Amino acid sequence: YDLLANAVTGMAKDIVEVNMFTTSEMELSQARKLECAHKQFFGRPDWRRIFTGVKEQHPKEHIGVFLCGSPVIGDELARNSEKHSDKPGEGQGTRFSFFTEHF
């Protein structure tokens, strides 16, 4: 958490956007706002919609996709990162790079 909080308040604050996806089952009344997150989502993500929206919001940019979680979700994120990246010389040049972290 501290790493994310420092990223959104530190020197990189103008280029870092943190969106948190909580996919485990939980009581929504127990959820609390994470100050380091720009947006928080609960439940199963619609990756096609999410990647399409991010691509529209950040054309021509290199977008890092980071995961600390299940390898199954990692497989989905890796596939979607590749699928939604523009090929060199095509589209607007938007590309996604997927990174995973294990603690």
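Along the sequence shown, residues are numbered consecutively beginning with 1. As the structure is a prediction and not an experimental result, all values here were calculated from the model.
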Point to revise | Inter-residue atom distance D46.CG - T52.OG1, 0.5 Å rounding | key: 8.5 Å
**Study point:** Nearest-0.5 Å distance that lies between atom CG in L67 and atom CG in L77
**Key:** 5.5 Å
Check your understanding: With sequence neighbours left out, what residues match H58 under side chain to side chain contact (heavy atoms under 4.5 Å, CB included)?
Key -> E17, V54, E61, I63
Check your understanding: Does any pair with a residue in residues 88-97 pass salt bridge (charged side-chain N to carboxylate O under 4.0 Å, His left out), and if so which ones, sequence neighbours excluded?
Key -> none
**Study point:** side-chain hydrogen bond (donor to acceptor under 3.5 Å, both in side chains) contacts in which one or both residues fall within residues 66-77, not counting sequence neighbours
**Key:** W47-E76
Review point. Does CD belonging to E82 count more than 12 external heavy atoms closer than 6.0 Å?
Key: no
Practice item. Go through the structure and list residues passing side chain to side chain contact (heavy atoms under 4.5 Å, CB included) with D86, not counting sequence neighbours. Key: K55, Q92, T94
**Study point:** Pairing residues for F51 by the ring-ring contact (aromatic ring centres under 6.0 Å, His included) criterion, not counting sequence neighbours
**Key:** H84, F96
Check your understanding: Listed by chain and number, what are the side chain to side chain contact (heavy atoms under 4.5 Å, CB included) partners of F99, not counting sequence neighbours?
Key -> F66, S97
